[in-house]
Amino acid sequence: MKPTRKHSRWVLTTLTLALPIWLLLFAPSSQADTTAEIEHLFAYIASSGCTFIRNGSSYDNTAAVAHLRKKYTHTKRWVKTSEEFIRYTATKSSMTGRPYSVICNGVETPTAQWLTDELERFRNR
């Protein structure tokens with residue numbers, strides 16, 4: 001059976017309609033998922049009650065969120081995943097290169113590890 005023009009249009013229409021559904025089901029991560037994860041990390045920082053160490057100075061969680069949100073406005077154009085957010089925004093000072101850390105319950109942890117652990121917990125819920 002030779003394909004007709006009508007058959008070709010039907011195949012093209014079906015594929016065009018199916019592609020967005022396929023992307024929703026099988027795409028690695030949508031921008032909406034990444035945004036939700038990053039917002040969760042901001043909320044996690046805000047509610048942590050931990051002390052943040054940036055360039056040798058201590059900051060409360062409110063100041064840390066404000067700083068990271070401001071920094072994120074400059075990095076989000078190339079940040080495509082939550083891991084990139086952690087790596088490029090929340091890991092170290094872009095001015096000095098010094099790593100950020102967080103002190104929770106008397107234990108100091110690099111923010112990269114602290115946020116990566118929380119991202120994994122959030123994804124596994």
Side-chain angles (χ1 to χ4, degrees):
M1 176 157 108
K2 187 175 178 183
T4 64
R5 178 176 251 164
K6 185 176 180 181
H7 180 260
S8 297
R9 272 191 249 141
W10 179 85
V11 169
L12 182 60
T13 301
T14 302
L15 290 174
T16 303
L17 294 174
L19 182 61
I21 295 168
W22 184 88
L23 288 173
L24 282 173
L25 295 174
F26 300 107
S29 176
S30 72
Q31 188 60 39
D33 292 340
T34 298
T35 300
E37 289 175 347
I38 292 170
E39 286 302 319
H40 170 76
L41 292 175
F42 282 132
Y44 178 69
I45 296 166
S47 66
S48 71
C50 298
T51 300
F52 290 80
I53 309 300
R54 180 170 52 92
N55 293 324
S57 298
S58 299
Y59 299 89
D60 66 12
N61 50 351
T62 304
V65 170
H67 173 72
L68 293 176
R69 279 196 183 277
K70 183 177 178 184
K71 193 172 174 186
Y72 183 52
T73 62
H74 299 291
T75 61
K76 69 178 168 184
R77 68 176 170 257
W78 64 79
V79 168
K80 303 297 180 216
T81 67
S82 301
E83 290 82 3
E84 288 178 351
F85 164 75
I86 293 169
R87 184 178 319 121
Y88 298 125
T89 307
T91 298
K92 65 182 177 179
S93 169
S94 54
M95 300 291 276
T96 66
R98 291 175 66 180
Y100 298 154
S101 61
V102 59
I103 300 174
C104 299
N105 302 317
V107 177
E108 187 168 355
T109 307
T111 57
Q113 185 62 53
W114 187 67
L115 292 174
T116 299
D117 291 347
E118 177 55 26
L119 179 60
E120 186 176 326
R121 278 190 292 275
F122 179 72
R123 286 177 173 170
N124 289 327
R125 288 185 198 160

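Note that these values count all heavy atoms, side chains included, but never hydrogens, waters or copies made by symmetry.
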Using modelled atom types and a 3.5 Å cut-off, is there a donor and acceptor pairing between side-chain atoms of Lys80 and backbone atoms of Arg77?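 Between the backbone of Arg77 and the side chain of Lys80 there is a qualifying donor-acceptor contact (under 3.5 Å).
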Are the side chain of Thr34 and the backbone N or O of Thr81 linked by a donor-acceptor pair below 3.5 Å?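 It does not hold such a pair.
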Taking only residues two or more places apart in sequence, or in another chain, which ones meet Arg125 in a salt bridge (charged side-chain N to carboxylate O under 4.0 Å, His left out)?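 Once residues adjacent in sequence are excluded, the partners of Arg125 under the salt bridge (charged side-chain N to carboxylate O under 4.0 Å, His left out) criterion are Glu118.
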Do the non-hydrogen side-chain atoms of [X] and [Y] ever get within less than 4.5 Å of each other?
| X | Y | value |
| --- | --- | --- |
| Phe122 | Ser82 | no |
| Arg54 | Tyr59 | yes |
| Phe42 | Ile38 | yes |

ILVMFWY cluster, [X] and [Y] together (side-chain gap under 4.5 Å):
| X | Y | answer |
| --- | --- | --- |
| Val107 | Phe52 | no |
| Tyr44 | Ile53 | no |
| Ile45 | Val102 | yes |

Taking atom CG of Asn105 as the centre, report whether more than 12 heavy atoms of other residues, nucleotides or ligands fall under 6.0 Å from it.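 Result for CG/Asn105: open.
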Taking CD in Glu120 as the centre, count heavy atoms belonging to other residues, nucleotides or ligands within less than 6.0 Å. Is the count above 12?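 Not more than 12 within 6.0 Å, no.
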Salt-bridge test for Lys76 and Glu84: reply yes if a basic N is under 4.0 Å from a carboxylate O, no otherwise.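 No, no charged N to carboxylate O under 4.0 Å.
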Asp117: partners by side-chain hydrogen bond (donor to acceptor under 3.5 Å, both in side chains), with sequence neighbours left out: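 side-chain hydrogen bond (donor to acceptor under 3.5 Å, both in side chains) check on Asp117 returns Gln113.
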